[in-house]
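Throughout, protein chains are lettered first and strands after them, A, B, ... in sequence-line order, and every chain is numbered starting at 1.
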There are 2 protein chains.
Amino acid sequence: MDQQKRATISDVAKLAGVSITTVSRVMNKNYPVKEATRKKVEKAIEELEFKPNLLARGLIHNKTQTICILTPSIENLFFSEVVKGIDSVIKNKGYTTFLCNTEGDPEQEKLMIDNMKDRSVDGIIAINPRTKNIKSGYYEGISKQIPLVIINGYNRGIHCNYVLNDGEVGTYEALKYLYELGHRDIVFLRGRYSYSYDVKEDIYRKCCEEFKLEFDEDNILIIEDGNGLEAVEQSKAVVEKIIRKNDKVSCLFACNDWMAVGALKAAKALNISVPEEFSIIGFDNTIISQITEPSLTTVDQNMTGLGQISGNRICEIIRDSDKENKKIIIETRLIHRDSVSTKI
Amino acid sequence: MDQQKRATISDVAKLAGVSITTVSRVMNKNYPVKEATRKKVEKAIEELEFKPNLLARGLIHNKTQTICILTPSIENLFFSEVVKGIDSVIKNKGYTTFLCNTEGDPEQEKLMIDNMKDRSVDGIIAINPRTKNIKSGYYEGISKQIPLVIINGYNRGIHCNYVLNDGEVGTYEALKYLYELGHRDIVFLRGRYSYSYDVKEDIYRKCCEEFKLEFDEDNILIIEDGNGLEAVEQSKAVVEKIIRKNDKVSCLFACNDWMAVGALKAAKALNISVPEEFSIIGFDNTIISQITEPSLTTVDQNMTGLGQISGNRICEIIRDSDKENKKIIIETRLIHRDSVSTKI
DNA sequence: TTGTAAGCGTTATCAA
DNA sequence: TTGATAACGCTTACAA
């Protein structure tokens with residue numbers, strides 16, 4: 001490594017024959033500098049290819065133009081869309097992103113946030129943070145120390161800035177749709193740990209009451225792993241089991257598209273045709289919902305929009321050190337594709 | 001924001017009644033400190049919840065325990081697997097990752113690298129960087145200034161550290177497999193801009209010679225967008241066209257799984273059954289290859305491994321400021337699933 | 001075993 | 001319009 005040492009501000013000052021203060025002023029254009037001096041300095045800057053060291057700046061201002069994105073899983077297709085949305089707005093404002101993959105572990109989540117504080121990030125966006133850390137008040141504490149936006153982890157009584165999908169409405173619409181098509185035995189499939197699953201299950205239970213469906217606790221299926229291939233496998237297993245056991249069930253609502261894929265595979269394995277004999281609705285409208293055969297009817301979360309709004313929100317909070325916490329809710333929308341039969 | 005000001009080393013020193021040097025020594029355990037003093041200091045650290053400011057450290061050492069991952073597209077499923085691999089090794093060594101999404105734009109790529117240098121990152125891993133910047137020698141220059149690993153962007157004569165799949169062997173094996181099954185008219189489907197496509201096309205042409213296939217330039221299909229849903233759509237269109245036009249073609253080799261999905265959809269649209277009437281091989285072994293129906297026979301790149309090796313390599317380079325450039329090649333492996341018929 | 005002081009590369013304050 | 005100089009929070013000679 002030839003590591004030609006980078007020029008510093010004093011190298012420039014020396015070459016231009018001025019003080020470092022003047023060089024700083026030329027760079028930042030925050031104080032008047034005589035035209036001739038400015039020229040000299042600019043020439044020296046160019047010649048030495050000088051670029052200011054951002055660490056030094058950060059040390060003074062205690063601002064680093066850096067935002068941390070925390071996620072339980074980068075394989076989650078939800079994640080990449082959201083990150084793309086965030087990135088698209090914050091990069092224009094000069095921010096760079098630290099990416100932290102917590103692997104869904106609440107303790108790692110905390111450690112990584114500590115690390116981010118040590119690095120003086122300007123703000124944190126936490127995607128689907130662990131319920132445990134939200135409920136314990138951990139995030140509420142963090143939110144008092146550093147600008148924070150939580151995506152999809154809303155908890156009543158925990159005061160933070162949230163941006164979230166209207167999972168309740170999305171779930172309700174999907175279930176109502178199934179009900180109106182004539183379905184009476186609806187299977188509900190969720191992962192174990194996430195607030196968003198709790199919300200959906202809650203709506204499911206309420207729908208059963210509202211629609212006067214015969215409620216069967218066994219129709220609530222829980223898998224351990226929420227995202228990725230494991231979720232597909234696990235979902236396939238539990239769905240096969242329920243279909244074998246209860247031949248009345250005619251459709252299924254899955255809390256995300258992975259699970260819906262698993263359900264699709266279960267039906268296929270049992271030689272049950274989707275949607276003719278069994279209907280499936282997913283959640284998220286990730287790319288996989290367009291790739292499956294049949295393609296998945298699913299609830300769109302507008303994930304890019306979710307990211308954009310979160311990006312804007314974190315910038316607002318940083319700029320105004322906005323005292324008011326806000327809860328911004330994004331609308332969802334049922335996307336009709338081919339995994340639900342419209343005639344029953 | 002209550003922004004309770006963080007304790008600094010001198011707060012600790014004051015509280016413990018020692019000098020900041022001593023505090024530093026207690027933290028870093030790099031010089032002897034009397035047991036009693038150590039206790040006092042540790043107590044003060046705990047009491048004030050002191051954690052050192054990493055910017056300040058970075059400024060001194062010109063090391064930040066930070067690695068930049070540069071990618072043209074975070075939606076690319078290839079990406080998330082690789083990042084997961086990288087992350088899994090470097091996080092254990094105390095590194096945190098900056099994520100830079102260049103959106104495939106060569107100019108942004110350069111700007112982002114500049115930004116990363118300004119932030120004193122310890123190393124850069126560039127996933128599928130733009131051919132243009134490699135060929136122009138830009139990366140070779142960067143590589144002399146800062147530890148750099150390029151994933152899948154090998155160019156002969158450009159001296160850098162590379163980690164790459166053996167796209168040549170993978171392609172060859174896939175094509176040979178098709179040939180041995182009796183296929184004589186093989187369609188080749190690629191994206192326009194990437195060195196990896198060039199390599200594969202090259203092998204395709206050589207295979208045509210070696211297997212004495214009747215070469216038809218029209219059997220080489222090119223789409224503009226390599227990744228994501230657009231690739232699926234575009235592939236579907238061109239594949240439909242070729243099948244309509246040339247009824248001799250019995251199989252297709254796609255340069256990645258997205259394209260293979262497009263081919264699958266084309267066959268479906270034409271009511272041609274896969275694999276009975278038409279065989280398809282993808283490349284990458286991304287999760288989607290297990291989700292499609294039928295599941296995709298594809299070439300596994302061991303993307304997680306690719307990431308892990310890159311992560312280890314960048315750490316080596318950082319540690320030893322290793323002068324020797326290396327080119328590490330990962331083996332590929334044909335994964336047999338259900339999109340290729342074994343009886344023909 | 002401990003402390004003083006210089007230094008990392010900037011910006012900000014003050015005086016000239 | 002400019003320049004010393006202190007500061008940001010830490011590490012590290014060097015001295016004691």
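The backbone N or O of B:K135 lies less than 3.5 Å from no partner atom in the side chain of B:N155, so there is not a single donor-acceptor pair. Although no hydrogens or angles enter the test, the distance criterion places no donor-acceptor pair under 3.5 Å between the side chain of B:Q308 and the main chain of B:V89. Although no hydrogens or angles enter the test, the distance criterion places no donor-acceptor pair under 3.5 Å between the side chain of B:N133 and the main chain of B:P129.
Sorted by first and then second residue, the ring-ring contact (aromatic ring centres under 6.0 Å, His included) pairs involving residues 84-127 of chain A (not counting sequence neighbours) are A:F98-B:F98. Evaluation of the ring-ring contact (aromatic ring centres under 6.0 Å, His included) test over residues 60-79 of chain A, restricted to residues two or more places apart or in two chains, returns none. Evaluation of the side chain to side chain donor-acceptor pair (under 3.5 Å) test over residues 19-30 of chain B, restricted to residues two or more places apart or in two chains, returns B:S19-B:T22, B:S24-B:N28, B:N28-B:R57. For the ring-ring contact (aromatic ring centres under 6.0 Å, His included) condition, the pairs that include at least one residue of residues 145-165 of chain A, sequence neighbours left out, are A:Y154-A:Y162. Within the structure, ring-ring contact (aromatic ring centres under 6.0 Å, His included) pairs that include any residue of residues 7-36 of chain B do not occur (at least two apart or interchain).
Across B:N62 and B:S120, no two heavy atoms sit closer than the pair OD1-OG, 3.9 Å.
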What pairs of nitrogen or oxygen atoms, one from the protein and one from nucleotides 14-16 of chain C, lie under 3.5 Å apart?
none

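Atom CD1 of A:I9 and atom P of C:dG7 are 17 Å apart (whole Å). Following rounding to the nearest Å, B:K117 (NZ) and C:dG9 (P) show an atom-to-atom distance of 16 Å. If you measure from atom CG of B:D118 to atom C1' of C:dT10, you get 13 Å, rounded to the nearest angstrom. When rounded to the nearest whole Å, the span between CD of A:Q65 and C1' of C:dT10 equals 15 Å. The separation between A:K63 atom NZ and C:dT11 atom P is 16 Å, rounded to whole Å. Rounded to a whole Å, the CD1 atom of B:I60 is 13 Å from the P atom of C:dG7. Rounded to a whole Å, the CZ atom of A:R57 is 8 Å from the P atom of C:dT10.
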Please list every donor-acceptor pair under 3.5 Å in which a side-chain atom of residues 34-45 of chain B meets a protein atom from a residue at least two apart or in another chain.
residue	atom	partner	partner atom	Å
B:T37	OG1	B:K34	O	3.4

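By the 6.0 Å contact criterion, OH on B:Y138 is enclosed, its count of non-hydrogen atoms from other residues, nucleotides or ligands being greater than 12.
B:N312 contributes atom CG, which lies 11.0 Å from atom CD1 of B:I86 (distance to the nearest 0.5 angstrom). Between the CD1 atom in A:I124 and the CG atom in A:L148 there is a gap of 6.5 Å [rounded to 0.5 Å]. Rounding to the nearest 0.5 angstrom, the gap separating the OG atom in A:S310 from the CD1 atom in A:I330 is 7.0 Å.
If you walk DNA chain D from 5' to 3' and mark each nucleotide with an atom closer than 4.0 Å to a heavy atom of chain B, the marks span D:dG9 to D:dA13.
Salt bridge annotation for A:K63-A:D122: absent, with no cationic side-chain nitrogen under 4.0 angstrom from a carboxylate oxygen. Using a cut-off of 4.0 Å between Lys/Arg side-chain N and Asp/Glu carboxylate O, B:R313 and B:E316 are scored as salt-bridged. Look at A:R130 and A:E107 and you find no salt bridge, because none of the NZ, NE, NH1 or NH2 atoms lies under 4.0 Å from a carboxylate O.
Of the residues listed (A:L99, A:N128, A:T102), the one engaging A:T71 in a side-chain contact (heavy atoms from CB on, under 4.5 Å) is A:L99, and it is the only one.
For DNA chain C, each stem of at least three Watson-Crick or G-U pairs (distances under 3.5 Å) is given as range with range: C:1-16 with D:1-16.
Using a 4.0 Å cutoff on non-hydrogen atoms, the parts of residues 45-52 of chain B near DNA chain D are B:F50, B:K51, B:P52, ordered by number. Shown for residues 27-43 of chain B: residues whose heavy atoms fall under 4.0 angstrom of DNA chain D, namely B:M27, B:N28, B:N30. Of the residues in residues 16-24 of chain A, A:V18, A:S19, A:T21, A:T22 come within less than 4.0 Å of DNA chain D through at least one heavy atom, sorted by number.
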